[in-house]
Amino acid sequence: MKKQLEKTYDPASFEDRIFHTWEEKGYFHAEIDPDKKPYTIVIPPPNITGQLHMGHALDETLQDILIRFKRMQGFSALWLPGTDHASIATEAKIVEAMREEGLTKEQIGREEFLRRAWAWKEKYAGRILEQLKKLGSSCDFARERFTLDEGCSKAVREVFVRLYEKGLIYRGERIINWCPHCKTSISDAEVEFVEKEGSFWHIRYPFKDGSGYLELATTRPETMLGDTAVAVHPDDERYRDLVGKTLILPIVGREIPVIADEYVEMDFGTGVVKITPAHDPNDFEVGLRHNLPVINVMDEGGNINENGGRFAGMSGAEARAQIVRELDEAGLLIKTEPIKHNVGTCYRCRTAVEPRVSKQWFVKMQPLAGPAVKCVEEKEIKFIPERMEKIYYNWMSNIKDWCISRQLWWGHRIPAWYCADCGETIVSREDPCVCPKCGSKNLSQDEDTLDTWFSSALWPFSTLGWPEQTEELKYFYPTDTLVTGYDIIFFWVARMIFSGLEHMGEVPFKTVFFHGLVRDGQGRKMSKSLGNGIDPLEVIKEYGADALRFTLVTGNSPGNDLRFTTEKVEASRNFANKIWNAARFVQMNLDIDETGLPELTAMEDKWIVSRFNTLVREVTENLDKFEIGVAAAKVYEFIWDCFCDWYIELVKPRLYEKGTQACLSAQKVLVYVLTETLKLLHPFMPFITEEIWQTLPHEGDSIIISPWPEYSAEREYPAEEKQMELIMGAIRGVRNIRSQMNVPVSRKAKLVIVTKDKELFQSGTVFFEKLAAASSVETADSPESAGENAVSVVVEGASIFIPLDDLVDRVKEIARLEGEQARLKAEIERVEKKLSNEKFVSKAPEAVVAEERKKKEKYQNMLADVEKSLAALK
RNA sequence: GAGGGUAUAGCUCAGCUGGUUAGAGUGCUUGCUUGACAUGCAAGAGGUCGUUGGUUCAAGUCCAACUAUCCUCACCA
């Protein structure tokens, strides 16, 4: 005999145990199997900076649902897990931890720093994997990867060298975004603009010849130390004659020219702009056009450097205050007005970004962007939902070169060496010993590392062994589905696409399935600073992983954000509890240990099997369409409404007739429908489905590798479905009227069913007795036997009379029936109006018209019945 | 400045390729120790589907404009 289910549903008591068994048995391992089709998902590697949050929980749940579904369908389903070294974020965390010990990076040196970083990685990557397991993620853990492991590093190096050799990677002095806190360059994508209150200082720059002043305004007066020109618009009448004249830069004393450039907006401010090529991206461009000198006045910490003369050593803020004061004293400050403007900030530390000219490595984007756009346009890669394509095109079409070098230690070191003797740059797959140009051994490697996204961009193929031509790569690449949030479409999705095309010659994935952000109950982003984050592990502890997973995928459609509340988790937990109890009920009424369907004779058996069959089709179709929420809702509805509230109740009488054929067949159908439904639910709620499945008759070792149910036309019973609908409608009708009249269930009453289909309603006798508090059921051609004082309810196919003598109030009853009469008349009128519209009849599809005709007939029959009842009462 | 999302029951949201008597969960009301489940059962109230037009035999669903709200990108010194 199999183990009995515990009386109460307690997920904490079995979830871990089940997961360990799965792992031990190796169910998550995907083999290269020529007899199977591959299905591959690579995980969006979580950063090793911390722990999984609710957004991860959603992401992993969706992936796990797809993987489990495909695995059951017989694919060799690989879900490849791993983590991301997250260079800038991790380095920041480590630096911060060191500061608490009173240490700096420079003090301990590169080697020691990296040792600490690896220790950090060991700790946090392990923690993340544990969290994945708590969620039930069926990753192939044997294939775990890390963006900075040996294989990924090899891929990064190969890519770098290739792109360099093709001229798609170059090094140059450009204006880049500099984070003074992280002390590194960051890419355009890593800058976030935030609206801040600032000041707009209006100042005067005097002409050298003493002929007056030019007025201009700035939000950053300290950058004037690096001004090398003042610009006006070439068409600006006011200043046309001044172009070419020389100004004396206040405080600094440098002579700078007045130039004309179309970049200047005549209508904004005074129409005069100071030009600081070293510290503003637009000014940099102007500088290039006019051959202006570039004077960098800030160091890597955002402080004024030696080019700032006597201001050297001051912080930006100090210099600003001092310069404003001096300008004011010199009578050159006209006014200061408050202004709201957008300030670029570092997406990791929120520090204001300092645009700064420096020598960095870049990827030339234009040649890569073209094919990347094309493959989406041509649907080689499908975006779900489709609208995400627009966001992608929008970004791709305005793309600028990608700054990939970072002044950090934690990351892939740039494989470039410089010859101290001849200045040659060497980029190669192997570390060079001598300069190929001059033979010097005096080589030094570039100090910088690569943007963390440079390695994540290669993730779909680097994890499968590339640049080696491995069997895994051949079998599992391109991957099938990428599941991720829309917030990293630029950082990651776009870069994987052009990288896959460039290096593999093939798209990295066929479908990108975007989900939204998980928000709190008020719709706010969950964040540390707001303190409104909910820890998925806490939820799992209290409600179970199944409840959490179910919550994250129900009532939500692709790409849309969702609000997370514990009320929803409770509802999911209640659902799990419902299944648990249904299974317990089945189990405690079970005398057999076999699977499979018996010969179906009973109407209710055919009904539930037919409904289940439909469910199989719907769930499969919706999962194929990534309509996870719809698929989940279908299973929910089937289990709760069809199976529990109706089918189990319907067969209870049979179950209590021990030893009969009817009893045995009911058991078989119960087991069949329940175990097969558990399979459909398994991708969503893996733990409870396995736990229950193991206690019921089943074939195979685990539900996780059991075959996905298949739709079969032979198991459709439309006639019985219709019959059951009529019976159920009648039961609902009787319950309804009894409830309205406040008749307690304990007071049974006779039903006189006036119908043309006596056989059908007679066969439902036991259901009426059980579910509609009927003492007996009589079918008849007229309601005479119900006596004078009977209420009646008209349902499709029958009028039901209930003699409730003392409770019947004829006046109320007449009013009620008249209400019903009016409702039906309105319905009929509506349908008739449609049907009398010649255009509708001629243009609408035949099936739609036929449907309306059927409706009309049905309502007319019901109306006739209601009117008969009314006539009898009157 | 450019692009996009959302607007359906008190609340949170479904409603796929136009045809349903507009749905679910939750909340609310009423009645139930109905031989698994009160984390439950049954019945019920509650919606002019943001506004105005248009397309169509037919619009919650498609189109346009508007209003509200959220987001992304760009950024004017």
Side-chain angles (χ1 to χ4, degrees), chain A residues 5 7-9 188-189 193 200 216-220 223 231 263-265 267-276 280-283 339 341-342 344 385 387-388 390-391 393-395 398 486-487 489-490 516-517 521 523 543 554-557 559-565 567-568 570-589 621-622 625 627 629-630 633 636-637 644-645 648-649 652 655-656 732 735-740 742-746 770-771 773 823 826-827 830-831 834 837-845 847-849 851-852 855 859:
Chain A
L5 290 171
K7 189 152 187 333
T8 52
Y9 167 62
D188 293 341
F193 286 89
F200 207 31
L216 52 83
T218 178
T219 53
R220 305 179 62 214
T223 62
Y263 150 69
V264 180
E265 296 253 347
D267 307 331
F268 189 82
T270 56
V272 184
V273 190
K274 65 194 244 347
I275 301 296
T276 322
D280 182 285
N282 291 308
D283 292 8
I339 189 175
H341 61 152
N342 290 326
R387 69 182 130 88
M388 297 298 174
K390 287 181 200 161
I391 300 173
Y393 295 142
N394 196 2
W395 192 70
N398 301 313
Y486 60 77
D487 51 329
I489 186 163
F490 309 133
L517 267 43
Y543 300 96
T554 35
N556 169 243
S557 48
N560 288 337
D561 293 351
L562 68 110
R563 297 190 191 203
F564 188 93
T565 59
E567 287 75 30
K568 288 186 190 174
E570 271 171 31
S572 302
R573 190 270 323 269
N574 293 352
F575 175 50
N577 184 63
K578 185 75 187 175
I579 302 161
W580 185 265
N581 281 292
R584 273 201 327 126
F585 176 81
V586 171
Q587 199 182 47
M588 56 182 41
N589 287 286
E621 278 174 4
N622 280 292
K625 287 191 297 188
E627 288 286 353
V630 176
Y636 180 99
E637 190 202 351
C644 293
D645 289 347
I648 286 183
E649 297 303 327
K652 271 181 180 172
L655 290 174
Y656 303 144
R732 284 196 194 97
R735 281 171 174 171
N736 181 316
I737 195 104
R738 289 178 55 106
S739 174
Q740 276 186 36
N742 284 318
V743 188
V745 181
S746 51
K770 177 81 184 145
L771 302 176
R823 189 186 68 86
E827 284 301 329
R830 201 179 50 78
V831 176
K834 244 185 180 178
N837 182 344
E838 203 185 309
K839 283 180 180 167
F840 170 72
V841 179
S842 61
K843 288 194 176 177
V848 174
V849 179
E851 194 64 37
E852 290 299 319
K855 252 188 239 170
Y859 291 136

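To find a chain, count down the sequence lines: A is the first, B the second, and so on, and within it residues start at 1. Bear in mind the structure is a predicted one, so any value in this text is a computation, not a measurement.
The same atom, C1', is picked in rA58(B) and in rG40(B); the two are 43 Å apart, to the nearest Å. With both ends at atom C1', the span from rA7(B) to rG47(B) equals 14 Å, rounded to whole Å. Between the P atoms of rA45(B) and rA38(B), the separation comes to 27 Å (whole Å). Rounded to a whole angstrom, the distance from the C1' atom of rG60(B) to that of rU48(B) is 12 Å. rG27(B) sits 26 Å from rA36(B) when the C1' atoms are compared, rounded to a whole Å. For the P atoms, the distance linking rG25(B) with rC41(B) amounts to 10 Å, nearest Å. Comparing the P positions of rG5(B) and rC63(B) gives an interatomic distance of 10 Å, to the nearest angstrom. Nucleotides rU26(B) and rA68(B), compared at atom C1', are 26 Å apart to the nearest Å.
Close to rG27(B), at under 4.0 Å from its OP1 or OP2, lies no side-chain N or O of K568(A). Of the side-chain N and O atoms in R387(A), none sit less than 4.0 angstrom from OP1 or OP2 of rG4(B). In this structure, R732(A) does not reach the rA42(B) phosphate: none of its side-chain N or O atoms is under 4.0 Å from OP1 or OP2. Proximity of H341(A) to the phosphate of rA77(B): a side-chain N or O atom is located under 4.0 Å from OP1 or OP2. Here R830(A) reaches the OP1 or OP2 of rU21(B): one of its side-chain N or O atoms lies under 4.0 Å away. Remark: N577(A) is not in phosphate contact with rA38(B), judged by side-chain N or O atoms under 4.0 Å from OP1 or OP2. For S557(A), a side-chain nitrogen or oxygen approaches OP1 or OP2 of rA14(B) to under 4.0 Å.
Here the side chains of L655(A) and M588(A) are not in contact, with every heavy-atom distance at 4.5 Å or above. At least one side-chain heavy atom of D561(A) sits less than 4.5 Å from a side-chain heavy atom of Y486(A). Contact annotation: the side chain of F585(A) approaches that of I648(A) to within less than 4.5 Å [non-hydrogen atoms, C-beta and beyond].
Atom C1' of nucleotide rU12(B) and atom CG of D561(A) are separated by 14 Å, given to the nearest angstrom. For the pair K855(A) NZ and rA58(B) P, the computed distance is 16 Å after rounding to whole Å. Between the NZ atom of K578(A) and the P atom of rC37(B) there is a distance of 10 Å, rounded to whole Å. Atom P of nucleotide rG40(B) and atom NZ of K7(A) are separated by 14 Å, given to the nearest angstrom. Between the CG atom of N394(A) and the P atom of rA2(B) there is a distance of 12 Å, rounded to whole Å. Between the CG atom of N398(A) and the C1' atom of rU72(B) there is a distance of 12 Å, given to the nearest Å. Taking atom CG of residue L771(A) and atom C1' of nucleotide rC32(B), one finds them 15 Å apart after rounding to whole Å. Nucleotide rA42(B) holds its P atom 12 Å from the NZ atom of K770(A), rounded to whole Å.
Where R823(A) and L562(A) meet RNA chain B, the nucleotide closest to each residue was compared, and L562(A) sits on the side nearer the 5' end. Positionally, the nearest nucleotide of RNA chain B for K625(A) lies more toward the 5' end than for the other of K839(A) and K625(A).
Partner assigned to rC13(B) is rG23(B), using Watson-Crick or G-U wobble distances below 3.5 angstrom. Applying the Watson-Crick and G-U wobble criteria (two distances, each under 3.5 Å), rG1(B) pairs with rC73(B). rG44(B) is paired with rC28(B) under the Watson-Crick or G-U wobble criterion, all donor-acceptor distances under 3.5 Å. Base pairing of rA7(B): its partner is rU67(B), meeting the Watson-Crick or G-U wobble criterion (both donor-acceptor distances under 3.5 Å). Partner assigned to rG35(B) is none, using Watson-Crick or G-U wobble distances below 3.5 angstrom.
Across all strands, D645(A) comes closer than 4.0 Å only to sugar-phosphate atoms, never to a base (heavy-atom distances). Across all strands shown, E567(A) has no heavy atoms under 4.0 Å from either base or sugar-phosphate atoms. Nucleic acid contact class of M588(A) (heavy atoms, under 4.0 Å, all strands): sugar-phosphate only. Contacts of F564(A) with the nucleic acid, taken as non-hydrogen atoms under 4.0 Å apart, are absent. Heavy atoms of K652(A) sit under 4.0 angstrom from at least one base atom.
Summarising the geometry of I489(A) relative to M388(A), their closest heavy-atom pair is CD1-O, 3.7 Å, with the distance given to 0.1 Å. Listed here is the closest heavy atom pair of V264(A) and V273(A): CG1-CG2, 3.7 Å. V745(A) and A773(A) get closest at one heavy-atom pair: O-CB, 3.8 Å. The minimum heavy-atom distance linking N282(A) with D280(A) is given by the pair N-OD1, 2.8 Å.
If you check distances only, the side chain of R573(A) does reach the base of rU39(B) with a donor-acceptor pair under 3.5 Å. With hydrogens and angles ignored, a donor-acceptor pair under 3.5 angstrom links the side chain of N342(A) to the base of rC75(B). Scanning atom types as modelled, one donor and one acceptor separated by under 3.5 angstrom connect the side chain of E649(A) and the base of rA36(B).
Picking from rA77(B), rC57(B), rA36(B) the nucleotide with the shortest atom distance to the side chain of K843(A) gives rC57(B). In the set rU39(B), rC57(B), rG15(B), rU39(B) carries the atom at the smallest distance from any side-chain atom of N574(A). Of the listed nucleotides (rC76(B), rA77(B), rG19(B)), rA77(B) has the atom at the smallest distance from the side chain of T218(A). Of the candidate nucleotides rC75(B), rU39(B), rA43(B), rC75(B) has the atom nearest to the side chain of N282(A). Minimum atom distance to the side chain of F490(A) is reached by rC73(B), of the listed rG25(B), rC73(B), rU21(B). For A571(A), taking side-chain heavy atoms from C-beta onward, the closest of the listed nucleotides rA43(B), rG25(B), rU30(B) is rG25(B). Here the side chain of N736(A) is nearest to one of rC37(B), rA43(B), rU39(B), namely rA43(B). Set against rU12(B), rG4(B), rC76(B), the side chain of Y263(A) has rC76(B) as its closest nucleotide. Out of rC75(B), rU30(B), rG19(B), the shortest distance to the side chain of P845(A) is found at rG19(B). When distances run from any side-chain atom of A582(A) to the nucleotides rA36(B), rA42(B), rC76(B), the shortest one goes to rA36(B).
Side-chain atoms of N574(A) and E570(A) form no donor-acceptor pair, as typed in the model, at a separation below 3.5 Å. Using a 3.5 Å distance cut-off with no hydrogens or angles, the side chains of T223(A) and K274(A) do pair a donor with an acceptor.
A distance cut-off of 5.5 Å between ring centres, combined with a plane angle under 30°, places Y656(A) in a stacking arrangement with the base of rG35(B).
By the 30° and 60° cut-offs, the orientation of the rings of Y9(A) relative to W580(A) is tilted.
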